[in-house]
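In what follows, a structure is listed as structure tokens, so that the remarks can point back to it.
Order of appearance sets the numbers: ligands from 1, and atoms from 1 within every ligand.
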Amino acid sequence: MMRAAEAAGPADTIAAIATPPGEGGIGILRISGPRAEEILSGLFRRAGHAGETWESHRMYYGLVADGGETLDEGMAVLMRAPRSYTREDVAEIQLHGGSYVLQRAAALCLERGARLAEPGEFTRRAFLNGRIDLSRAEAVMRLIEARGAQEHRAAVREMRGGVTAFVRRAADQLYEIQAGLAACVDYPEEISEEEGAAEMIPRLEKLIALLRDAVQERSSRLLRQGLRVALAGRPNVGKSSLLNALLGEEKAIVTAVPGTTRDLVTGEMTLEGVRVILTDTAGLRETGDEVERIGVERTRKAMEESDAVLLVLDGSAPLQEEDLELLRSLPENAAVAVNKQDLPQRLTLPETDRTVIPCCAKDPDSLEGIRAWLRRFTEISDRMEVTQPRHLDALRRAAGFLESALETVRTLPPDLAATDLQSAQSALGEITGDQVDERLLDRIFSEFCVGK
Ligand SMILES: Nc1nc2c(ncn2[C@@H]2O[C@H](COP(=O)(O)OP(=O)(O)OP(=O)(O)O)[C@@H](O)[C@H]2O)c(=O)[nH]1
Ligand SMILES: [Mg+2]
């Protein structure tokens with residue numbers, strides 16, 4: 001274990017293309033480290049400012065040249081330490097965004113003594129140099145990866161220090177508990193064990209509740225993976241038609257032949273900023289056809305793994321034994337869509353406590369009922385501050401240690417809880433990076449893209 005500031009040693013100079021590969025309007029080359037200025041000066045010739053010292057944070061126009069050959073024209077900026085992303089000298093050169101030019105320019109940096117940056121190495125340096133803590137560094141990556149408004153909001157909240165603030169508050173409360181314990185161990189004649197325990201118990205309970213509250217799994221999973229919804233029902237009731245209508249594209253094959261869909265078909269849409277992943281399934285029925293049988297098995301599995309299940313019935317046909325069976329076995333999180341409302345209705349639905357939604361796959365306006373039902377699942381409480389698996393894991397471990405400490409304090413001399421309290425503190429420290437080891441850093445930053 002080490003503290004962030006201790007880990008920062010003398011650094012070499014790293015360089016990478018910071019923009020994604022392929023053609024683009026501009027491409028950015030980024031250099032960070034003690035030799036950034038020297039390397040920049042060597043390959044970028046400023047128009048009208050040759051020989052002058054670089055003014056920090058100023059954009060210059062000029063040419064990138066390899067010896068006598070001009071590679072491209074562009075803009076360059078030098079950001080002197082510590083006012084930069086990494087807190088080192090950072091140079092950024094904007095060129096035309098073609099991979100050949102960028103790669104040649106990157107190669108020039110390497111010739112001049114830079115090393116190719118590892119994935120996430122710029123952000124890692126920002127962390128090691130104490131500019132951002134670990135949860136904020138991770139949030140940068142979440143922001144880059146965000147695919148919907150909710151994910152984006154969560155990432156921004158983390159980047160602005162939401163998780164850090166939360167964890168620091170929890171850590172402070174824990175320090176107070178630890179200090180209380182130390183006082184009762186050091187001054188037994190002033191604070192008895194009973195008094196010490198009586199003071200610790202409510203504080204521990206409060207802190208455990210705070211942590212448990214922050215690790216509600218559903219919300220965090222929703223943000224990371226989206227809402228998974230399975231469309232289930234007998235063959236030919238219009239599941240695939242509904243999928244297509246909801247997505248607004250012809251994703252699944254629709255025919256009048258029962259048993260058309262034989263495997264899972266998945267499509268994505270966004271609702272209230274949350275990704276919704278719809279899975280169309282093979283119609284559920286007893287079947288001798290091997291392919292269809294496997295499809296039906298997959299359907300059952302998809303239903304089990306979904307956050308919500310929409311059972312589709314055909315309103316134009318009388319209820320059948322299979323419908324009834326499905327209705328009876330519906331999970332808690334299911335609703336019933338009565339489809340084909342445009343046809344004469346012949347369905348009599350038995351009493352059910354599930355939401356019943358009349359709809360017609362051929363009329364997009366009739367799908368609002370389904371969307372309204374889905375929205376109930378996409379609501380995410382604003383209290384929730386922690387979404388990343390690594391953070392959730394650390395918080396759960398911290399809560400676990402605290403629960404064990406609470407158990408000890410209730411039944412045994414309170415000083416026996418000290419180790420658990422310390423372990424809880426360490427688990428909290430892993431989130432902000434106050435206490436991390438090199439391997440954890442390697443794992444976290446290897447998920448980053450190069451140049452970030
Ligand atoms: N009139 C009417 N026909 C519909 C409606 N929805 C679907 N259909 C028709 O019903 C038939 C079956 O539709 P699909 O969407 O393939 O049904 P499915 O439930 O996916 O069927 P399988 O894949 O066989 O399980 C097709 O001929 C559709 O055009 C609707 O709302 N109104
Ligand atoms: Mg189908």
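Side-chain atoms of T432 and T164 include no donor-acceptor pair closer than 3.5 Å. A donor atom on one side chain and an acceptor atom on the other are not found under 3.5 Å apart for Q173 and R203. Between the side chains of E158 and H391, no donor-acceptor pair of N or O atoms lies under 3.5 Å.
For the Mg ion (ligand 2), the N/O/S atoms of N236 include none lying under 2.8 Å. With a cut-off of 2.8 Å, the Mg ion (ligand 2) has an N, O or S atom of T261 in range.
For Y60, the ring-ring contact (aromatic ring centres under 6.0 Å, His included) partners are H49, W54, not counting sequence neighbours.
Ring planes of F448 and F445: tilted class, angle from 30 to 60°.
Within the 4.5 Å cutoff, side-chain heavy atoms of H152 are placed close to those of L143.
Counting non-hydrogen atoms of other residues, nucleotides and ligands closer than 6.0 Å to CD of E69 gives a total above 12.
Within 4.0 Å of ligand 1, counting heavy atoms only, the contacting residues are P235, N236, V237, G238, K239, S240, S241, V254, T255, A256, V257, P258, G259, T260, T261, G283, N339, K340, D342, L343, C360, A361, K362.
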